[in-house]
Structures are given as C-alpha cells and as structure tokens.
Amino acid sequence: MGYFLLGITLIVAAILILFSLPKASVGQLTRVFRAVALGCSALFGLFGLLTGKLLWAVAGLGGALIIYFMGGALPWNINRPEKGTSAVETPWLRLQLDHSTGGITGDVLAGSYAGARIEQLVRDDLIILLHECAQDDAQSARLIEAYLDRMWPDWRTSTQSSDSGGGPMERSEALSVLGLEDGASAEEIRRAHREMMRRHHPDRGGSDWLAAKLNQAKEVLLGE
C-alpha cells in the first residue's frame, strides 16, 4: 500500500511539473514545487494513519499544514499569481511583476510576437514590438519601455547610436512609426503625428525616445 501511494504521488508530481515548466514564471514554479511538497506530506501522513503509525501521521499532516500556511498551493491553484506579485493586462500584454525581485514576466497578446513570452524576447524584438503597439495602445508602450529600462538601461542611447550609424531613418520605417501606408498625404502625416504625440508626449507620461522617433518620422516623410 505504501509503495502504491508513493508511486501515485510521484506520477502526479511529474505531471504537474511537466505541464507547468514550459510557460511558468519563477513564482508559478515555486507554487508547483510547494504543491508537490504539500501533496507528499499529506499522503505520508495519511499512510501513517492507515498503517497505525501515529508518529508518521503527525509528522506528515503537520508538515502539510506548515507548508500550506507558509504559502503553499493546492494543485488546481498553481496558476494564480504568487503572493507579492501584481498582474496587469492590456490589449497587447499580460504581465506579472514580482515585488520581491522586480522581475517582469508574461505573455504578448498581439502584434508580430503574439503568443511569445516577453522574457524570451531580445532587445531588438522588444523595440519592434514597442513601435507596433505605440500606434494603438500607449499603456502597453509604457510597459514595454519599463521592461526595456530594467533589462537594458542604455537601450535608448544604444538604439539612437545604431540609428545614427546606419544613416537617416528610412521612409519605410518612418511610415511604420506613424502607422501609415505608402502614399499618405502631407495632411495625413501631420494628423498621425499630432495624434500620436498627443498620446505619447513626455509631459503626459510618454517617452522622450518615442517622441523623438515620431518627430524624426514626420521630418523624413515631409522632407523637412
């Protein structure tokens, strides 16, 4: 009987870990391992009760209670945010912030990188994503900038240096920055620039870097 319970426990633990590892954050993995430890302790205690070994029962069930009240998780709750984390969701992003470490993890919901984990994207991918979502969602743009600031503090400087080294902004990039199609009129360019600057102006919580990009795109398209 004891070996049967142990085998069931190991199988359940393996299934939990197998299905949780691919997309789990650090906090979620912690919850998985706590859930496994909780289950093992509880089964150990139940085995003690069933076999008349009182000391085993007290040790196992007592350990399970300690794990639970210290922040353990039941198996069906492993995807809930860990204590000390906060979650935010926008049309483009679903992110979690770990308050203890400052780490940011989560999913990209729209754009070219939809379905990707934000922590798996490199800097250049995130800058492309920033350009894309800035046209539709200022909040998502600010979240991506905050992530870039944390992971690559000098990303603005290095990006500007890269742009300078590669010559002036190309017309195709300028159209992408303003969310326009080729053949846009001067009035459409000014309107798009005005609208995006209204949403992303630094005085309204926007980004100096993105505002500079918008101005540069307008200049390229209008030949100023």
Side-chain angles (χ1 to χ4, degrees), residues 23-28 79-164 166 169-170 172-181 184 188-221:
K23 292 187 176 181
S25 65
V26 174
Q28 288 171 334
N79 288 322
R80 285 171 44 190
E82 184 75 6
K83 290 183 179 179
T85 67
S86 57
V88 59
E89 183 167 345
T90 71
W92 283 72
L93 303 167
R94 185 190 297 119
L95 302 180
Q96 286 188 357
L97 170 64
D98 187 320
H99 294 191
S100 61
T101 65
I104 299 174
T105 58
D107 301 301
V108 180
L109 305 179
S112 301
Y113 299 96
R117 297 285 294 180
I118 193 169
E119 62 269 26
Q120 295 174 344
L121 299 180
V122 300
R123 191 197 68 175
D124 290 346
D125 294 334
L126 288 162
I127 291 173
I128 293 171
L129 182 63
L130 173 60
H131 280 308
E132 291 181 349
C133 75
Q135 299 167 19
D136 299 315
D137 187 359
Q139 183 185 7
S140 295
R142 287 193 292 270
L143 289 171
I144 294 172
E145 286 188 327
Y147 185 81
L148 283 163
D149 286 338
R150 172 173 171 76
M151 301 302 297
W152 295 277
D154 63 340
W155 69 275
R156 291 177 174 85
T157 303
S158 59
T159 302
Q160 289 169 356
S161 299
S162 176
D163 291 343
S164 300
M169 179 184 288
E170 297 290 335
S172 58
E173 182 184 356
L175 288 167
S176 176
V177 167
L178 291 177
L180 296 170
E181 299 290 338
E188 289 173 331
I189 293 168
R190 292 189 178 94
R191 187 186 309 118
H193 174 265
R194 185 167 56 248
E195 174 61 22
M196 294 192 70
M197 283 296 291
R198 183 183 65 79
R199 286 185 288 165
H200 299 289
H201 196 281
D203 292 344
R204 300 185 179 183
S207 159
D208 290 326
W209 178 83
L210 188 52
K213 278 286 187 182
L214 294 171
N215 288 331
Q216 186 181 7
K218 175 190 172 186
E219 291 170 2
V220 169
L221 295 176

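Numbers for residues simply follow the sequence, beginning at 1.
Remark: Glu89 CD to Asp107 CG distance equals 9.0 Å, nearest 0.5 Å. Between atom CG of residue Leu148 and atom CG of residue Leu130 there is a gap of 6.5 Å, rounded to the nearest 0.5 Å. Atoms CD and CZ, from Glu195 and Arg198 in turn, are 4.0 Å apart once rounded to the nearest 0.5 Å. Residue Lys213 holds its NZ atom at 12.5 Å from CE of Met196, rounded to the nearest 0.5 Å. Atom OH of Tyr147 sits about 6.0 Å away from atom CD of Glu119, to the nearest 0.5 Å. With values rounded to the nearest 0.5 angstrom, Arg94 atom CZ is found 11.5 Å from Thr105 atom OG1.
Side-chain atoms of Glu188 do not come within 3.5 Å of backbone N or O of Leu180 as any donor-acceptor pair.
The closest side-chain heavy-atom distance from Gln139 to Trp92 is not below 4.5 Å.
Heavy atoms only, all atoms of each residue included: Pro91 and Ala110 are closest at O-CB, 3.9 Å. Across Leu95 and Gly106, no two heavy atoms sit closer than the pair CD2-CA, 4.0 Å. Shown here for Leu178 and Leu214, the closest heavy-atom pair between the two residues is CD2-CD2, 3.7 Å.
Results of the side-chain contact (heavy atoms from CB on, under 4.5 Å) test with Leu93 over Leu109, Val88, Val108 single out Val108 as the only residue that passes.
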(message) Could you go through Leu143 and Ile104, starting from their C-alpha distance and side-chain angles, then the distance that decides it, and tell me whether this counts as side chain to side chain contact (heavy atoms under 4.5 Å, CB included)?
(response) CA-CA 10 Å; Leu143 289 171; Ile104 299 174; over 6 Å; no
(request) Start with the C-alpha gap between Met197 and Asn215, add the side-chain angles, then the distance that decides, and say whether side chain to side chain contact (heavy atoms under 4.5 Å, CB included) holds. (result) CA-CA 9 Å; Met197 283 296 291; Asn215 288 331; 4.1 Å; yes
(request) Any chance you could lay out the side chain to side chain contact (heavy atoms under 4.5 Å, CB included) test for Leu175 and Leu221, step after step, and finish with the verdict? (result) CA-CA 8 Å; Leu175 288 167; Leu221 295 176; 3.8 Å; yes
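Take Asp125 and apply the side chain to side chain donor-acceptor pair (under 3.5 Å) test, not counting sequence neighbours, and it matches Tyr113. Taking the side chain to side chain donor-acceptor pair (under 3.5 Å) definition, one finds that His131 meets it with nothing, sequence neighbours left out.
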